[in-house]
Peer 1: 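First the structure, which I've put down as structure tokens, then a few questions once you've had a look.
None of these values were measured; they are calculated from a predicted model. Residue numbering restarts at 1 for every chain, and letters A, B, ... go by the order of the sequence lines. Only this structure's heavy atoms are used, side chains among them; waters, hydrogens and symmetry mates stay out.
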There are 2 protein chains.
Amino acid sequence: MHQPHPALRQPVTAADRVLLEIQRAIVEGDIAPGSKISEPELARRFDLSRAPLREALARLERCHLIERIPNAGARVVTLSTKGLLALYQLRENLEGLACKLAAEHMTEAEISEVRQLLDQHLSSQRVREGESYYQEAGDLDFHYRVILGSKNSYLINILCDELYYLVRMYRVQLGMNGPRVSRAFDEHKAIINAIANRDGELADLLMRRHIAASRRNIEQQLEQMGT
Amino acid sequence: MHQPHPALRQPVTAADRVLLEIQRAIVEGDIAPGSKISEPELARRFDLSRAPLREALARLERCHLIERIPNAGARVVTLSTKGLLALYQLRENLEGLACKLAAEHMTEAEISEVRQLLDQHLSSQRVREGESYYQEAGDLDFHYRVILGSKNSYLINILCDELYYLVRMYRVQLGMNGPRVSRAFDEHKAIINAIANRDGELADLLMRRHIAASRRNIEQQLEQMGT
DNA sequence: TAGGCGCATATTGTCGACAATCTATCTGGT
DNA sequence: ACCAGATAGATTGTCGACAATATGCGCCTA
């Protein structure tokens, strides 16, 4: 199996646990975008002191889910077309780079694991046609594997720890679905093939296109909401 | 003037102040690479409680200057050729992207400010020939301006807040100097010219080369030390 | 009536102490 | 002599209370 990245370690401390809960709540919209974060309220709600809660808030700021102002408190981020474009601009580049590096550094074993993963997704996809949750999880899992395959710890940290929760927030709250679901599988296949052929340049290009297509899909949803 | 980024805001809280002090101490080697961080000791040394200190440690982890393990404490990072390569691999891509975006988004006023900056550097450089500190500060200032010019907040955050302290640590501790000092100015000039011409592609390429050259320079120092 | 000032309230930042966990040493057994 | 387990010490994680700062309301003035 691929080695677990620090970010994916299971929670050991109270701050870890409450972080996961609040992360999920923000990503899924249980805590509304733009709403103010009240430390005393959250402390009561999760039944712990403010010390571990503040530790969790510091990490939430790190992954761009909240914004803090000294002596004034924290607010949940708001989703916007501008923010989406900035985020995906970065993703296209960083994940493109990750692909290029993965083509150089992934082992044959890791590559065949990813292929197995895609086959699993395909079969479960046929059964659960249209259920966006599985697509969501499966897509992220694929991207995670490729990113880890880059073997660049800074790159891994940025993509998996700092940007992905926000990416998920956009996808979950704007409802990722539609015809892209099946097309995404083919694109994943093409990318892993390029990596297997050690063609970093092509893998880079394909990943950029893959992410650009995903961006346009979400962008459409966002503008539909705005009107 | 260019708007101040959140990262460059002046310290308002005790945690902010102690963060700056420890950051400087680590970057300049006053606290040795690889050494263990003792919370009680640092609290005594800076004469404050552990609460703001832990807040500062959380941010030090964020900019990769320390590594924390739950229930076991924190250590200052160690410098290595592997780490340097991973860091600069990322920098080449991200700052290349920053240049491309800067070519699209920087105003004429911002561009002419950067040109003024370079002229200032050149004149002070002539006077203080060889003093690496000014080169250090001047080079970072140039890069900061271009990064801010990208107008992509996520990109700005990653480069200015999360990676640059580590970049400085490599440069300071391995002694950036030599013939590259004067050559770097010419490269900066070429980059801002490309941006002024709105040639994002060229600016990207030039910045990648500029950083790659800088990497080779530091790499050399590192291997020299290793032997 | 509109705008600015001052106070009351609530929230964030900081503190010192306690509980939980890890590290290092010492002891005992094989 | 070497390794395993237990124990003592130190360190990190968490707690509740206090201090400093910001927010919102009412009041006064022009």
Side-chain angles (χ1 to χ4, degrees), chain A residues 4 6-23 25-26 31-78 161, chain B residues 4 6-23 25-26 31-78 161:
Chain A
L8 283 70
R9 77 160 194 267
Q10 69 177 12
V12 293
T13 180
D16 290 337
R17 284 188 293 275
V18 72
L19 170 66
L20 291 179
E21 294 198 65
I22 302 180
Q23 250 175 359
I26 291 179
I31 302 178
S35 64
K36 184 162 183 349
I37 297 281
S38 165
E39 292 185 9
E41 185 203 318
L42 282 182
R44 280 192 301 274
R45 180 163 154 190
F46 293 105
D47 193 45
L48 42 67
S49 139
R50 281 176 53 218
L53 181 67
R54 284 171 65 85
E55 171 82 28
L57 292 184
R59 298 192 213 167
L60 286 173
E61 185 182 25
R62 182 171 171 170
C63 57
H64 307 280
L65 291 182
I66 66 172
E67 287 166 357
R68 294 175 97 183
I69 298 171
N71 287 317
R75 305 193 80 86
V76 177
V77 296
T78 57
D161 302 350
Chain B
L8 283 70
R9 78 160 193 267
Q10 69 179 13
V12 293
T13 179
D16 290 337
R17 284 189 292 274
V18 72
L19 170 66
L20 290 180
E21 293 199 65
I22 301 180
Q23 249 176 1
I26 292 178
I31 301 176
S35 64
K36 185 163 184 346
I37 297 280
S38 165
E39 292 184 8
E41 185 203 318
L42 282 183
R44 279 192 301 275
R45 180 164 155 189
F46 293 105
D47 192 45
L48 41 66
S49 140
R50 280 177 53 219
L53 181 68
R54 285 171 64 85
E55 171 82 28
L57 291 184
R59 298 192 212 168
L60 286 172
E61 185 182 24
R62 181 172 172 170
C63 55
H64 306 279
L65 291 182
I66 67 172
E67 287 167 356
R68 294 174 97 183
I69 298 172
N71 288 315
R75 306 193 80 86
V76 178
V77 295
T78 58
D161 303 349

Peer 1: Rounded at 0.5 Å granularity, tell me how far CZ in A:R45 sits from OG in A:S38.
Peer 2: 11.0 Å

Peer 1: Just verifying a value: how many Å separate B:R68 CZ and B:R54 CZ, rounded to the nearest 0.5 Å?
Peer 2: 5.5 Å

Peer 1: Between atom CG in B:L57 and atom P in D:dT11, what is the gap in whole Å?
Peer 2: 14 Å

Peer 1: How long is the line joining CZ of B:R54 and P of D:dT14, in whole Å?
Peer 2: 7 Å

Peer 1: In this structure, how many angstroms lie between the P atom of C:dC22 and the CZ atom of B:R75, rounded?
Peer 2: 17 Å

Peer 1: Between B:I69 (CD1) and D:dG13 (P), how many Å, whole number?
Peer 2: 11 Å

Peer 1: If I take atom CZ in residue A:R17 and atom P in nucleotide D:dG13, what distance separates them, rounded to the nearest angstrom?
Peer 2: 13 Å

Peer 1: Expressed in angstrom and rounded to an integer, what is the separation of A:L53 atom CG from D:dG13 atom C1'?
Peer 2: 14 Å

Peer 1: What is the minimum heavy-atom distance between A:A15 and A:P52, and which atoms define it?
Peer 2: CB-O, 3.5 Å

Peer 1: Where along residues 32-43 of chain A does a heavy atom come under 4.0 Å from DNA chain C, residue by residue in number order?
Peer 2: A:K36, A:I37, A:E39, A:P40

Peer 1: Measure CG/A:D16 against C1'/C:dA20 and give the value in whole Å, please.
Peer 2: 15 Å

Peer 1: Side-chain donor-acceptor contacts of residues 56-66 of chain B below 3.5 Å, not counting sequence neighbours, with atom names and distances?
Peer 2:
from: B:R59; atom 1: NE; to: B:E55; atom 2: OE2; distance (Å): 3.4
from: B:R59; atom 1: NH1; to: B:D16; atom 2: OD1; distance (Å): 2.6
from: B:R59; atom 1: NH2; to: B:D16; atom 2: OD1; distance (Å): 3.3
from: B:R59; atom 1: NH2; to: B:E55; atom 2: OE2; distance (Å): 3.3
from: B:H64; atom 1: NE2; to: A:N157; atom 2: ND2; distance (Å): 3.4

Peer 1: In this structure, how many angstroms lie between the C1' atom of C:dC15 and the CZ atom of B:R44, rounded?
Peer 2: 16 Å

Peer 1: Summarise how protein sits on nucleotides 17-25 of chain D as a single string, 5' to 3': B when a protein heavy atom is under 4.0 Å from the base, S for sugar-phosphate-only contact, - for no contact.
Peer 2: B---SS---

Peer 1: OP1 or OP2 of D:dT12 less than 4.0 angstrom from a side-chain nitrogen or oxygen of A:T13, does that happen here?
Peer 2: no

Peer 1: Identify, with sequence neighbours excluded, every residue that meets salt bridge (charged side-chain N to carboxylate O under 4.0 Å, His left out) alongside A:R50.
Peer 2: A:E39

Peer 1: At their closest point, which heavy atom of B:P70 faces which heavy atom of A:V12, and how far apart are they?
Peer 2: CB-CG2, 3.5 Å

Peer 1: May I ask you to test the B:L48-B:L53 pair for a side-chain heavy-atom distance under 4.5 Å?
Peer 2: yes

Peer 1: What does B:A51 touch in the nucleic acid at a heavy-atom separation under 4.0 angstrom: a base, only the sugar-phosphate, or nothing?
Peer 2: base

Peer 1: In residues 58-67 of chain B, which residues come under 4.0 Å of DNA chain C by heavy atom?
Peer 2: none

Peer 1: Mind checking side-chain contact (heavy atoms from CB on, under 4.5 Å) for B:L20 and listing every partner two or more places apart, or none if nothing turns up?
Peer 2: B:P11, B:Q23

Peer 1: Using side-chain contact (heavy atoms from CB on, under 4.5 Å) as the criterion, list what pairs up with B:A25, not counting sequence neighbours.
Peer 2: B:D30, B:I31

Peer 1: From the list D:dG13, D:dG16, C:dG13, which nucleotide is the closest neighbour of the side chain of A:R68?
Peer 2: C:dG13

Peer 1: Please enumerate all residues that pass side-chain contact (heavy atoms from CB on, under 4.5 Å) together with A:V77, with sequence neighbours excluded.
Peer 2: A:E67, A:L166, A:M169

Peer 1: D:dC15, OP1 or OP2 - any side-chain N/O from A:S49 closer than 4.0 Å?
Peer 2: yes

